Visitor: 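Please see the structure below; I have some questions.
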There are 2 protein chains.
Amino acid sequence: MNLKQLAAHLGLSPTTVSRALNGYPEVAEATRARVAAAARAHDYRPNTRAKGLATGRAMAIGHVIPTATRHEIVNPVFADFIAGAGERYAAAGYDLLLSVVPDGDEAQAYRDLARRGTVDGVILHAPRIADPRIPLLLDLGLPFVVHGRSSEVRAPYPWVDVNNLRAFRRAAEFLADLGHRRIALVNGLEFMDFAHRRRRGYLEALESRGLPADARLMHAAEMTETNGHRAGRALLALPAPPTAILVSSIIMAIGVRRAAEEHGLALGRDLSVITHDDDLSYLRNGEDEVPIFTATRSSVREAGRIAADLLMERIGQPGQPPRTRLLEAALILGLSTGPAPRAAAPPAPPAGA
Amino acid sequence: MNLKQLAAHLGLSPTTVSRALNGYPEVAEATRARVAAAARAHDYRPNTRAKGLATGRAMAIGHVIPTATRHEIVNPVFADFIAGAGERYAAAGYDLLLSVVPDGDEAQAYRDLARRGTVDGVILHAPRIADPRIPLLLDLGLPFVVHGRSSEVRAPYPWVDVNNLRAFRRAAEFLADLGHRRIALVNGLEFMDFAHRRRRGYLEALESRGLPADARLMHAAEMTETNGHRAGRALLALPAPPTAILVSSIIMAIGVRRAAEEHGLALGRDLSVITHDDDLSYLRNGEDEVPIFTATRSSVREAGRIAADLLMERIGQPGQPPRTRLLEAALILGLSTGPAPRAAAPPAPPAGA
DNA sequence: GACTCGCGCCAAAGCGTTTTGAACGACGCG
DNA sequence: CGCGTCGTTCAAAACGCTTTGGCGCGAGTC
């Protein structure tokens, strides 16, 4: 059942039916009611493509998610971010278009979405330092919002990000204040902007507490359980192992915990761990109990909601100066941190290791 | 740059340009080359909506993913499944449309997609026993493929599923053969079809090995780490705790492991655990080492690829009898299983507990 | 040399909407 | 009573593409 048929059925012109359904004022209330009833009875919905062609709007938002072909990793936070964003899209009548592309083909994917007019805007995921996709999107004139930020990009652009630097600085300082002197960092890949900022926060904290930065205490890898385990194992096998570890994701932290257990270390007593916690729905850290991990927490689902709102606003009013939104992560206390152990302190060399 | 402009620029009619780009034979090779070059030079891509309107095909596949509003859970396997499917869509020129809807509004979402003509077909996720969405989709005439199956649905429909029953039966029998007499099940919610089948497999195994079914050894809940931990803790607190646990997801298994550690039990020695393993990219179980968990493994990403292929084939040739595909899970040996411990055997009552 | 045929191209219709511009009564006002 | 106004409706154009149904022209055939 299309508009013309519905109109014919009602003995009206397509124009009137269209206006009646779209809430235009110049249609009599009686007619509008009659049209609405008929539309409901026939379960009529305007054809997306025809409507889009006529209005020039796709009523769809694109998300391009890269799947690194080599490692085949799909970032688990996408699911929750997209759930948050999708919620808002649905409420506003937007569809969500997902483009799964191999790493590297992303520029092409954005160009394609823009030129084909498939979407009205996109969310840019997982920005890197000096991410070339940002100038590309600015150039294409396709409205977008970045989930995260990209250091070294000069032009202003809209983004939603967690204050990663401050979160990790606070976490590391907290550990230092508990007496930890050897604090390790198990980070995501550091060409990713968030990881870069977290490292800076970590380093700033070390400096502010007068602790030396030790390259052997810093690991960076894709944020899988396996990599968390590897890093944890390597750290604990050091001659002077850390007494505290700062971890970039809860999935990595689970790997670190596994390594600790293999070494017979109890979290919170023998080894302190603070992890970043994206508040993933299937991996809650302390739902109605004390959190297992002390963590810097920031809901990625909420970030999705905010990014979606920002983008739809931007689509509605282009030309406005780009808005940004910096979210603060909460530092929540769990069972995985405690004062630095005294007993196990290694024979302290006079001038620090 | 649209088709008309490109045609004008070339001094050709839109018809010829369209045919040249779409590979129709009735255009001279020289012309075709000239058109292709101009299209490339101007980075021309046909407008999706216009093309769709003209052809009657959306060139898009829908995935409706429910977000249970109460628990706000997003199943983590979606990400990997969609990565697999999306890969195939991209190769075939299809877009992927994601509908995030609150649990319960799904029927409406499907009806909407069908009526608006937004997609050419859909993948049905997370089917339940006697899932009403299947008759609905059959009724709507919208091509679809189910990821999983739905017991008690009579009509034939296309699906891709893992042989959950056999996988769990094999796993439970394997545990029994290791001497375990008290084998627990930590399952997903059992109105979900896959969980229902896994339970049946588990029960069949118990029966085949002459073991009693004990309701206290069976848990079912949403597959989160927290719920895995809860179930594990409850099981291990029993007067006659199980010596082996069969778990429905690796995330739950991580929770079970945490409970075991709290009880001072070593996996593979004091307690055996077998988990189902969807081979998630960020949660690999034994990438290049011996797997941590003994597991029934089946790649959900591969399932996504297969489902996508099946659906696109179905869209291309409707009316064909529905094809189905049953995948077998591998039983892979890891470090979490071993013979039933003898020492800790409880004082055996004469006639079995 | 007329006729057929096929190659290469084109004009125009059509896809299902929205939107522009106008028509048509009815009504109020001078 | 004539004119402008308002409220309601409509016909037709437009969106950017595909596709139908020719059309012209040169080559081949008799």
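Worth saying up front: this structure is predicted, and the values here are computed from it rather than measured. We name chains A, B, ... by the order of the sequence lines, and we start the count at 1 in each one.
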Visitor: Who passes side chain to side chain donor-acceptor pair (under 3.5 Å) against R111(B), sequence neighbours left out?
Guide: none
Visitor: Test of understanding: with ring pair (Phe, Tyr, Trp, His ring centres under 6.0 Å), list the residues that count as partners of Y89(B), not counting sequence neighbours.
Guide: H63(B)
Visitor: Measure the spacing between OH of Y157(A) and OG of S150(A) and express it to the nearest 0.5 Å.
Guide: 5.0 Å
Visitor: List the atom pairs, with distances to 0.1 Å, where a side-chain N or O of residues 131-147 of chain B and a protein N or O form a donor-acceptor pair under 3.5 Å, not counting sequence neighbours.
Guide:
from    : atom 1 : to      : atom 2 : distance (Å)
D131(B) : OD1    : R133(B) : N      : 2.9
D131(B) : OD1    : R133(B) : NE     : 2.9
D131(B) : OD2    : R128(B) : N      : 2.8
D131(B) : OD2    : R133(B) : NE     : 3.3
D131(B) : OD2    : R133(B) : NH2    : 2.8
R133(B) : NH1    : E106(B) : OE1    : 2.6
R133(B) : NH1    : H125(B) : O      : 3.2
R133(B) : NH2    : H125(B) : O      : 2.9
R133(B) : NH2    : A126(B) : O      : 3.1

Visitor: Quick check for you: among dT18(C), dG16(C), dC17(D), whose closest atom lies nearest to any side-chain atom of L53(A)?
Guide: dG16(C)
Visitor: Starting from P on dG16(D), measure out to CZ on R115(A) and report it in whole angstrom.
Guide: 15 Å
Visitor: Who are the side chain to side chain donor-acceptor pair (under 3.5 Å) partners of D278(B), not counting sequence neighbours?
Guide: H276(B)
Visitor: Can you tell me the distance, in whole Å, between the CE atom of M59(A) and the C1' atom of dT18(C)?
Guide: 14 Å
Visitor: Can you pull out the residues from residues 14-25 of chain A that lie within a 4.0 Å heavy-atom distance of DNA chain C?
Guide: T15(A), S18(A), R19(A), N22(A), Y24(A)
Visitor: Within the distance-only criterion (no hydrogens, no angle test), does the side chain of S13(B) pair as donor or acceptor with the backbone N or O of T16(B) below 3.5 angstrom?
Guide: yes
Visitor: Hey, which of these two, A54(B) or S13(B), hits DNA chain C nearer its 5' end, going by closest nucleotide?
Guide: S13(B)
Visitor: Nearest to the side chain of A50(B) - dC17(D), dT18(C), dG16(C)?
Guide: dC17(D)
Visitor: Mind calculating the distance between CZ (R116(A)) and C1' (dC15(D)) to the nearest angstrom?
Guide: 18 Å
Visitor: What pairs meet the salt bridge (charged side-chain N to carboxylate O under 4.0 Å, His left out) rule with one or both residues in residues 7-18 of chain B, with sequence neighbours excluded?
Guide: none
Visitor: Output a table of donor-acceptor pairs, distance under 3.5 Å, between side-chain atoms of residues 308-319 of chain A and any protein atom two or more places apart or on a different chain; print 'none' if there are none.
Guide:
from    : atom 1 : to      : atom 2 : distance (Å)
D309(A) : OD1    : R88(A)  : NH1    : 3.3
D309(A) : OD2    : R88(A)  : NH1    : 2.5
E313(A) : OE1    : R323(A) : NH1    : 2.8
E313(A) : OE2    : R323(A) : NH1    : 3.0
R314(A) : NH1    : Q320(A) : O      : 3.2

Visitor: With sequence neighbours left out, what residues match Y44(B) under ring pair (Phe, Tyr, Trp, His ring centres under 6.0 Å)?
Guide: none
Visitor: Tell me every residue that passes side chain to side chain contact (heavy atoms under 4.5 Å, CB included) with D279(B), counting only those two or more places apart in sequence or in another chain.
Guide: D277(B), R284(B), R297(B), S299(B)
Visitor: How many Å lie between NZ on K4(A) and P on dA13(D), as a whole number?
Guide: 14 Å
Visitor: Output yes when a side-chain donor or acceptor of D80(B) lies under 3.5 Å from a complementary backbone atom of R301(B), and no otherwise.
Guide: no
Visitor: With sequence neighbours left out, write down each residue that passes side chain to side chain donor-acceptor pair (under 3.5 Å) with E29(B), or none if nothing qualifies.
Guide: R32(B)
Visitor: How close or far is atom C1' of dG16(D) from atom CG of L6(B), stated in whole angstroms?
Guide: 13 Å
Visitor: In this structure, how many angstroms lie between the P atom of dG16(D) and the CG atom of N47(A), rounded?
Guide: 17 Å
Visitor: Counting only side-chain nitrogens and oxygens, does K51(B) get under 4.0 Å of the OP1 or OP2 atom of dT18(D)?
Guide: yes
Visitor: Counting only non-hydrogen atoms, which of residues 26-44 of chain A are less than 4.0 Å from DNA chain D?
Guide: E26(A), V27(A), A28(A), T31(A)
Visitor: How many whole angstroms separate atom CG of L3(A) from atom C1' of dC10(D)?
Guide: 13 Å
Visitor: For nucleotides 23-27 of chain C, tabulate all protein N/O to nucleotide N/O atom pairs closer than 3.5 Å, reporting atom names and distance.
Guide:
none

Visitor: Within this structure, what is the CG-to-P distance between L10(B) and dC10(C), rounded to whole angstrom?
Guide: 10 Å
